[in-house]
Amino acid sequence: MIMHPAVISLFVGSVLVCLMVLYSARYGATILTRWDLRSGSELQLTLERKTYLISTIMSYVFVFQLFSLFLFIFTADKLSTLFTGAMCAAGTLNVNNFGYPTMVLKVINFILGGMWLVLNHADNRAFDYPLIKKKYLLLMAIAPFVIAETIVQGAYFLNLKAHVITSCCGSLFSTEGEGIQAGLAGFPVIPMKILFYGAMGLTCLAGLYFYIKGRATGVFFSLMSIVTFGVSVAALISFISVYFYELPTHHCPFCILQGEYHYAGYPLYLALLCGAVGGTGVGTLFPFRKIESLKDAIPLIQKRLTLMTLLSYLLFTAVTTGAIIFTDFRLDGY
Amino acid sequence: MAWIEKQRNILDFALSSLVRRWGKNLALVMVYTVIVFVLASILFMTHSIKREASLILRGSPEIVVQRILAGRHDLTPGRYIEKLAKIPGVREVKGRLWGYYYEPSTGANYTMIVTDEHRENVGTIAIGAGVARSSDVREGDMIPFRSSDGSYVSFEVTGVLTPESELVASDVIEVSERDFRSLFAMPEGYFTDLTLKVRNRKEVVVVADKIRRLLPDTRPILRDEILRTYDAIFDWRSGLLIVVFTGAILAFSIFSWDKATSLSFEEKKEMGVLKAVGWETSEVIAMKSWEGIVVSLTSFLLGVILAYMHVFFGSSILFMPVLKGWSVLYPHFKLVPYVDPYQLAALFFLTVVPYTAATIIPSWRAAIIDPDSVMRL
Amino acid sequence: MLKRKSDVFLFYILANIFILAILLGHAFFERKRSQPFLMQRISMILHYQLTDLCLFTDARYTRHPSMADMNTAFQDHPFSFEHFPSGSLVTPPVHIRNNHGLD
Amino acid sequence: MIELQRVTKVFNKGNSNEFVAVDDISLTIDPADISVLKGPSGAGKTTVLSVIGAMTKPTEGRVFIDGREITSLPERFLTGIRRKTFGFIFQQFNLIKGITALENVMIPSYPSGEKHSSLKKRAMDLLQILSLSGKAMSKIEWLSGGEAQRVAIARALINNPEIIIADEPTAHLDTKLSEEFIGIMAALNKEGKGVVIASHDPLIYGAKVVDTVVEIRDGRIVDKEERL
């Protein structure tokens, strides 16, 4: 265990969030079994009131997840001085087996939280709580992930022992290295570029069509937005980061969050996360378009979410393309 | 736009509701501010020392070799120098002569060091600013030292180090080699320890390994390890202080919970009125959240600003003794303010998240009051 | 201007943020200004071949924590309130036990 | 048109202190009328009033506003409807202390997101009509009983509701102020607003301007009198 102030705050924070989600899930379970809109019973009244509390809690949790994701990566970066060979977050996260899973769980929980809030938002637009059961089913599904995150993060911090020799970004993300991350870095640049711009283009076209015409390409857009999220992260590791660092061997996806690179990573990752949440949100709402009381509300929400995704992804593409064009650094030789 | 206007309206009400109970809320803000202030002071202070240490100590020797005798630090024979110099990759080996001198009249503990430049200046010393202060001497003064045989030897002060160097050399007394050896009766041909320079930075660990095998009675101390350890130490120190302080945060959270749950009759009635005149539950929750945001933001910003002034303008007069321990010779130094957004983020997490968590349920409870309750009062 | 309470509050927060920004600017400026002194300190460290900062001068093992005996160096247990406050609260670093113990 | 169909309200249902406040009431309220619910205290007037005003959900039975069934609506929609349809005047006025008369009048409209300046103007206009513009910036606790009553009326009117609901409005007023109150209500009624008052004050239910008087006793309607 490393008693770093940020470690303590992340730890305390995630335990608090975990407790809050568990609390919500407990009432979620009651809602799933006992919800009856027609009944005017005390229980039903209590449950209806609890939904206010739970949506408040979930919005806080969503915001917390976002902050904790970035704080987690930043902390990993700061702690890298404690480990020989670790030069940035990439190395620190690799100190034990729980580092990367924690990060991935944080991303997943953020997107799941976003999905829940989208469902909740739609549900609140209808007079008859049409999505109440689905919403709380999703909450029951989210709870284990949040618990897992708290446990895995706890395990990560508890197993951090300073000075364990770890691979730093140099070796972990080097072309010769092994493992998934190395595979991404080793991915040939040209195909990766084509894949990235292709996926982005397709997503944006589908989104635009859906935004203007409604219907038709919506499901495809939603799926593509998730694929593009993955492709973009891969592209970031494969070639985008390289242009930011102006160093052909530096593929670290975390260092661009640092001040040395003007915190460029924050808008990039925020844009990606926003895009993913918007895209999954659109997809989540599709099965419910037929519900009578939501017939007017859902297409409107979907439109807004689509717009959000489009703007976010375009911002991401613009920033990265700008970096590629306006830097003196050329990758061609490598 | 309507949304913004609505939030501003609700904020208006939240503010007037806070102002109406100003006594209670002022107490809350004050306690909150003090907590942020203390935590921020600790973070700023330790972070600055940490950064300073990691920057400055890059100048320290790459490897220090100490001889160990029966588990204790012992004098290192000069012949070890040639032995170590033969290790491939070692560029330079030097014998270091230094030690502690306890001055009974002031009760202070000084560090005596022999340097190349001062090696031949017999009878004179250069002293750190802290030494000059504690024994009240200036350049040209004579200071007597009690040698190991009990006699007193006086040295002339030929130089006082600048105040800016206090962080590294406040307690240093620079002395010639002959004076050092005679003062402490240290035998010729022995050194306190040895320092090594290595040709290639990457080979330090390999060299250290070779030293351990070549001279099993020594231990090499690597600069990187020292740097890492300093990092760990200050993390620990601030971490421990924070853990100790968590008690305070906990108490504060309970206090805010209590403040938020124990709605007075007047407050309950107010919530009821809001509900009755057409506010919705989520709007009352929003109002309560705004109250929380106002309290948190005010206290957070105020606490951080005060802490910054305290640490970097006021030399952390309140906490330095805890962190530095007590001693006769306090090095006087002004910390260079290494502050970054990251510290503020960590601080925000440590203070605002527990407070918010503690107030969610109470504000919801206030918000679900039945609108018709005011009619039944 | 500032007729509404919310405006007053926003103004107050902005003023605070402004002060904070000035302080951060001050920090930036101070770092720049102290650069020569930093260099001076580094050269001092080089000159004396020092390994530690002069933070705690009260005891031998707190003035040069990395240079003390095996029995004491850095190795004070965090909660051993020995004679000096600065001798406690410092953790025994695992790696020093591991690497500098007799193998 | 507000319609109560076989409405029953039971408090603390299933507990030993179970209490039937309203027992199987059916009632129609014409929003063009001044209607009075009359009866001794504890008869269930206030509960009926809060069911009419969509503040309380009945335990059984259904409520329609303009033909729309509202008993099964979630609170967030109900609040919207209530905000648009009803303005409330409470027995104790329930003005919020520590803030100005103007703010008190504006409060019901805060969540609507209306621009502050226009909302303020509307509130000032209302205070003007009720000849209170001089007191707009006074704190509530400095107002006299009559002024407080008019602030409460202004607050009930800020959302421009169709129906004003008043619960024992004259309980703490002397005869002169009570007459003033019924005068204001009559004037509002002329402008097209419906008024529903619960009262056991003969000054109210005996007033000439009242169109309908419903007598309630022990949670049941015992008499309904339509004055033409």
Side-chain angles (χ1 to χ4, degrees), chain B residues 1-26 263-291 363-377, chain D residues 9 11 21 45-47 49-51 53-57 74-100 103-120 139 152 155-156 158-159 161 165 167-168 198:
Chain B
M1 280 319 281
W3 185 83
I4 293 175
E5 202 55 46
K6 174 177 171 178
Q7 297 306 320
R8 280 182 71 190
N9 287 337
I10 293 177
L11 174 58
D12 271 343
F13 186 83
L15 285 166
S16 44
S17 135
L18 284 174
V19 171
R20 250 171 294 142
R21 277 169 281 277
W22 64 272
K24 204 170 160 189
N25 289 312
L26 191 69
L263 286 178
S264 65
F265 175 75
E266 198 60 32
E267 284 172 273
K268 253 188 212 144
K269 205 176 124 189
E270 259 179 54
M271 295 300 132
V273 170
L274 289 182
K275 292 291 291 281
V277 299
W279 285 40
E280 212 249 319
T281 304
S282 60
E283 284 148 6
V284 181
I285 292 180
M287 197 275 286
K288 281 273 159 194
S289 307
W290 273 114
E291 275 188 23
S363 35
W364 167 76
R365 239 182 237 152
I368 55 161
I369 287 177
D370 282 324
D372 64 334
S373 63
V374 285
M375 300 181 87
R376 286 191 258 119
L377 285 174
Chain D
K9 179 74 188 178
F11 288 105
K45 296 190 304 285
T46 300
T47 311
L49 208 60
S50 59
V51 171
M55 277 207 210
T56 315
K57 279 190 183 183
E75 194 206 312
R76 62 174 61 75
F77 297 100
L78 201 57
T79 310
I81 292 171
R82 183 151 52 91
R83 203 149 60 196
K84 267 186 243 132
T85 320
F86 301 105
F88 293 90
I89 299 165
F90 307 104
Q91 188 172 1
Q92 322 263 12
F93 304 136
N94 284 325
L95 297 168
I96 293 176
K97 290 199 186 93
I99 58 177
T100 62
E103 278 179 281
N104 259 293
V105 174
M106 286 160 73
I107 279 170
S109 255
Y110 273 167
S112 70
E114 183 180 345
K115 219 168 144 22
H116 191 76
S117 49
S118 79
L119 173 58
K120 196 167 167 184
K139 294 229 163 97
R155 185 176 67 182
I158 190 74
N159 281 329
I165 290 183
D167 183 26
E168 301 281 5

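Every heavy atom of this structure was used, including side-chain atoms; hydrogens, water molecules and symmetry mates were not. Note on naming: letters A, B, ... go to the chains in the order of the sequence lines (proteins, then strands), and numbering restarts at 1 for each one.
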Electrostatic pair D:Arg83:B:Glu280 at N-O distance under 4.0 angstrom: no

Electrostatic pair B:Lys288:B:Glu291 at N-O distance under 4.0 angstrom: yes

D:Phe93, part contacting chain B, at a heavy-atom distance under 4.5 Å: neither

Lys/Arg N to Asp/Glu carboxylate O, B:Arg20 vs B:Glu270, below 4.0 Å: yes

Chain B contact via D:Arg76 - side chain, backbone, both or neither, heavy atoms under 4.5 Å: both

Pick from B:Leu274, B:Val277, B:Ile4 with the largest number of heavy-atom pairs that fall under 4.5 Å of chain D: B:Val277

B:Trp3, part contacting chain D, at a heavy-atom distance under 4.5 Å: neither

Region of D:Lys97 that comes under 4.5 Å of a non-hydrogen atom in chain B: both

Under 4.5 Å from any heavy atom of chain D - which part of B:Gln7: neither

B:Lys275 versus B:Thr281, side-chain donor and acceptor atoms under 3.5 Å: yes

Best-contacting candidate, B:Asp370, B:Asp12, B:Val273, B:Val19, against chain D by heavy atom pairs under 4.5 angstrom: B:Val273

Side chain to side chain donor-acceptor pair (under 3.5 Å), paired with D:Ser118, selected from D:Lys120, D:Lys115, D:Glu114: D:Glu114

Residue pair B:Ile10 / B:Met287: nearest heavy atoms and the distance that separates them: CG2-CA, 3.4 Å

Contact winner vs chain B - D:Asp167, D:Ile107, D:Asn159, heavy-atom pairs under 4.5 Å: D:Ile107

